[in-house]
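Taking it in order: structure first as structure tokens, then the write-up.
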Amino acid sequence: MAEISHEELLERVALLRKFKSVLEQQRNKFKEYLSVLEKQQNSIESENPETILAHTELEQQVVKNISNLQKVIVPMSKMYKSLGVSQNQMPEIEHIQNIQKDLADLQNKVLVQNQINRDLLRVHINQIKTQIQNFNNPYKNARSVYAQTERVASLVQVEA
């Protein structure tokens, strides 16, 4: 491999450090997301709608942050791969690879927890639907107290 200039080496190091920083941010966001999903599971099981709503809103914010980070990571990843730097040239590469592995593991855990929560919500919604269908309305066949049972006049005579 050809020798690289000092400036190019500094650029590569700066890129790798920035890439590492962005990957660490995303890893932290995935950890936060997983934590929110686990707490959301507890809220679903305890049937606390206010907490479920709060967790859902927080979940949407975390997902938006992850999405924004992904917009940065994809091009940086392409730049990183185009560098073609070997591990003996830059030891930080191993750390970046470990972060990427952690991200993949966290992503899988998030997907599993998300599926668990969806299944719990589906069961909970079905239970509520069943309760509503089995609800006995005591006024269903009752006549209104305001309903007229007697005939009333349909003509009115007016005298001047």
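By convention here, the first residue in the shown sequence is residue 1. Being a predicted model, the structure only gives us computed values, none of them experimental.
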Exercise. If two hydrophobic side chains count as joined below 4.5 Å and joins carry through other members, does Leu23 share a cluster with Val63?
Worked result: yes
Problem set entry | Partners meeting side-chain hydrogen bond (donor to acceptor under 3.5 Å, both in side chains) with Asp102 (sequence neighbours left out) | Arg27
With a cut-off of 3.5 Å and sequence neighbours excluded, list every side-chain donor-acceptor pair involving residues 127-136.
from: Thr130; atom 1: OG1; to: Asn126; atom 2: O; distance (Å): 2.9
from: Asn134; atom 1: ND2; to: Thr130; atom 2: O; distance (Å): 3.3

Exercise. Are Leu34 and Ile99 joined in one hydrophobic group, where the rule is that I, L, V, M, F, W and Y side chains link up if heavy atoms are under 4.5 Å apart?
Worked result: yes
Exercise. Is there a donor-acceptor pair under 3.5 Å between the side chain of Ser21 and the backbone N or O of Arg17?
Worked result: no
Contacts table for residues 110-124: side-chain donor-acceptor under 3.5 angstrom, sequence neighbours left out:
from: Gln113; atom 1: NE2; to: Gln41; atom 2: OE1; distance (Å): 2.7
from: Gln113; atom 1: NE2; to: Asn117; atom 2: OD1; distance (Å): 3.1
from: Asn114; atom 1: ND2; to: Tyr33; atom 2: OH; distance (Å): 3.3
from: Gln115; atom 1: OE1; to: Arg118; atom 2: NH1; distance (Å): 3.2
from: Gln115; atom 1: NE2; to: Asp119; atom 2: OD1; distance (Å): 2.9
from: Asn117; atom 1: ND2; to: Leu37; atom 2: O; distance (Å): 2.9
from: Asn117; atom 1: ND2; to: Gln40; atom 2: OE1; distance (Å): 3.1
from: Asp119; atom 1: OD1; to: Arg122; atom 2: NH1; distance (Å): 2.9

For this session: Just jot down the side-chain hydrogen bond (donor to acceptor under 3.5 Å, both in side chains) partners of Gln100, sequence neighbours excluded, or say none.
Result: none
For this session: Decide whether Ile52 and Leu58 are clustered together by the hydrophobic rule: side chain heavy atoms of Ile, Leu, Val, Met, Phe, Trp, Tyr closer than 4.5 Å, transitively.
Result: no
Exercise. Between Lys109 and Asp105, is there a salt bridge with N-O shorter than 4.0 Å?
Worked result: no
Problem set entry | Set of residues satisfying side-chain hydrogen bond (donor to acceptor under 3.5 Å, both in side chains) with respect to Ser35, sequence neighbours excluded | none
Exercise. What distance separates Asn68 CG from Lys29 NZ, expressed to the nearest 0.5 Å?
Worked result: 10.0 Å
Problem set entry | Summary of salt bridge (Lys or Arg N to Asp or Glu O under 4.0 Å) pairs that have at least one residue in residues 43-58, sequence neighbours excluded | none
